[in-house]
Protein chains: 2
Amino acid sequence: MELLAVSLRAYYADFTEAAAAENLTASQGKTLSVLRQGPAAMRVLARTLSCDASNITGIIDRLEKRGLVHREPSPTDRRVKNVVLTPEGERAVDAIRANMHATMAGLDALDDAERATLHDLLSRTFEAAAVTA
Amino acid sequence: MELLAVSLRAYYADFTEAAAAENLTASQGKTLSVLRQGPAAMRVLARTLSCDASNITGIIDRLEKRGLVHREPSPTDRRVKNVVLTPEGERAVDAIRANMHATMAGLDALDDAERATLHDLLSRTFEAAAVTA
DNA sequence: TATTGTTATACTCTATAACTATA
DNA sequence: TATAGTTATAGAGTATAACAATA
């Protein structure tokens, strides 16, 4: 339990730091992480990141201005815009993840399998902050 | 592990919600929680909450304007100001905590001892976000 | 000289409400 | 009518740099 508490504290701080190293805020890093799993509509992002849809507009605006994502119209519903990660966006996510893996590697008390389990738990907890019950 | 992940997600969301019920942001609730353990200098708060000292000025300004805390000069160092919880401030923290205990009580899979351990872990993880390693 | 707290500044995140264009 | 995305707005958090008072 103590190890987990320490790990969690370190994880949150390190994610923010790893994102900052890429000149990204935690919210931006989190958004890019979500998009790494595939394109998502604005509305879906809002639900996943559990914030109002109007916030996503601003967050995506800033990411798009930097060429990390781009909007493309949905072929099936002309109201919907899908947000897609650009190659630079993928590179940014991977850079953050590489940094996080270095953090995990620092937990000497764990073996590789435990480390993998813990990393999975932490990232799911962090990225899926929404409680959809 | 899965239970813990779910609990953590719920805890973060519920803390924010419990604070919002008292018309407080998560940062304000967190600050009050820290002060519940006793008065603290501005500089100490900044370190504990792992943010720049200049932010604390604003956070305490807003809490003081609402009568939840007040600044008092340190008797030993005239540069230092100690922030103290007022009775209303204590009431607010207790209201948040009562709400959180209700959340913990909802975890039916746990017995009382496990619940206490988990609550302690979660609150320490949440309140002490700083990694002083 | 170094430290404490503050101020000024600028940016990001956040929710609410009102709008448009679709469905 | 309802939904997706945007805009306008206002408040809160955040870091940086510069400052006065004190150590």
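First the proteins, then the strands, lettered A, B, ... as listed; each starts at 1. This one's a predicted model, so the numbers in the text were calculated from it and none came from an experiment.
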### Message
What contact category does A:Ile59 fall into here, base, sugar-phosphate, or nothing, at under 4.0 angstrom with non-hydrogen atoms?
### Response
sugar-phosphate
### Task
Would you indicate what A:Ser54 reaches in the nucleic acid, counting non-hydrogen atoms under 4.0 angstrom: base, sugar-phosphate, or nothing?
base
### Query
Between A:Val44 and B:Gln28, which has a closest nucleotide on DNA chain D that is more 5'?
A:Val44
### Summary
Sorted by position of nearest nucleotide on DNA chain D, 5' first, the leading residue of B:Asp52 and A:Ile56 is A:Ile56
Considering only side-chain heavy atoms of [X], which listed nucleotide, [options], is closest?
{"X": "B:Ser27", "options": "D:dG13, D:dT6, C:dC13", "result": "D:dG13"}
{"X": "B:Arg62", "options": "D:dT6, D:dT14, D:dG13", "result": "D:dG13"}
{"X": "B:Met42", "options": "C:dT14, D:dT16, C:dT6", "result": "C:dT6"}

Report yes if the side chains of [X] and [Y] come closer than 4.5 Å at any heavy-atom pair, otherwise no.
{"X": "B:Leu45", "Y": "B:Ile60", "value": "yes"}
{"X": "B:Arg62", "Y": "B:Glu64", "value": "no"}
{"X": "A:Ile59", "Y": "A:Thr25", "value": "no"}

Provide, to the nearest angstrom, the distance between the [atom1] atom belonging to [X] and the [atom2] atom belonging to [N].
{"X": "A:Ile60", "N": "D:dG5", "atom1": "CD1", "atom2": "C1'", "answer": "12 Å"}
{"X": "B:Lys30", "N": "D:dA12", "atom1": "NZ", "atom2": "P", "answer": "18 Å"}
{"X": "A:Leu45", "N": "C:dT14", "atom1": "CG", "atom2": "C1'", "answer": "16 Å"}
{"X": "A:Asn55", "N": "D:dG5", "atom1": "CG", "atom2": "C1'", "answer": "13 Å"}

#### Entry: Distance below 4.0 Å between A:Arg71 side-chain N/O and D:dT6 OP1 or OP2
yes
### Message
D:dT22, OP1 or OP2 - any side-chain N/O from B:Arg43 closer than 4.0 Å?
### Response
no
#### Entry: DNA chain D-proximal residues of residues 17-25 of chain B, any heavy atom under 4.0 Å
B:Thr25
### Task
Residues of residues 75-85 of chain B with any non-hydrogen atom less than 4.0 angstrom from an atom of DNA chain D: list those, numerically ordered, please.
B:Asp77, B:Arg78, B:Arg79
### Query
Is any side-chain N of the basic residue among B:Asp61 and B:Arg71 closer than 4.0 Å to the acidic one's carboxylate O?
yes
### Query
Do the charged groups of B:Glu22 and B:Arg91 touch, with an N to O distance under 4.0 Å?
yes
### Message
Whether the A:Ser74 and A:Thr76 side chains hold a donor-acceptor pair (N or O, under 3.5 Å, no angle test) is what I'd like checked.
### Response
yes
### Task
Find the distance between OG (A:Ser33) and CD1 (A:Ile96) and round it off to the nearest 0.5 Å.
5.5 Å
### Summary
Paired with A:Leu63, the side-chain contact (heavy atoms from CB on, under 4.5 Å) test is passed by just one of A:Leu35, A:Leu85, A:Val83, A:Leu24, namely A:Leu24
### Summary
Of all heavy-atom pairs linking B:Asn23 and B:Gln28, the shortest is O-OE1, 4.2 Å
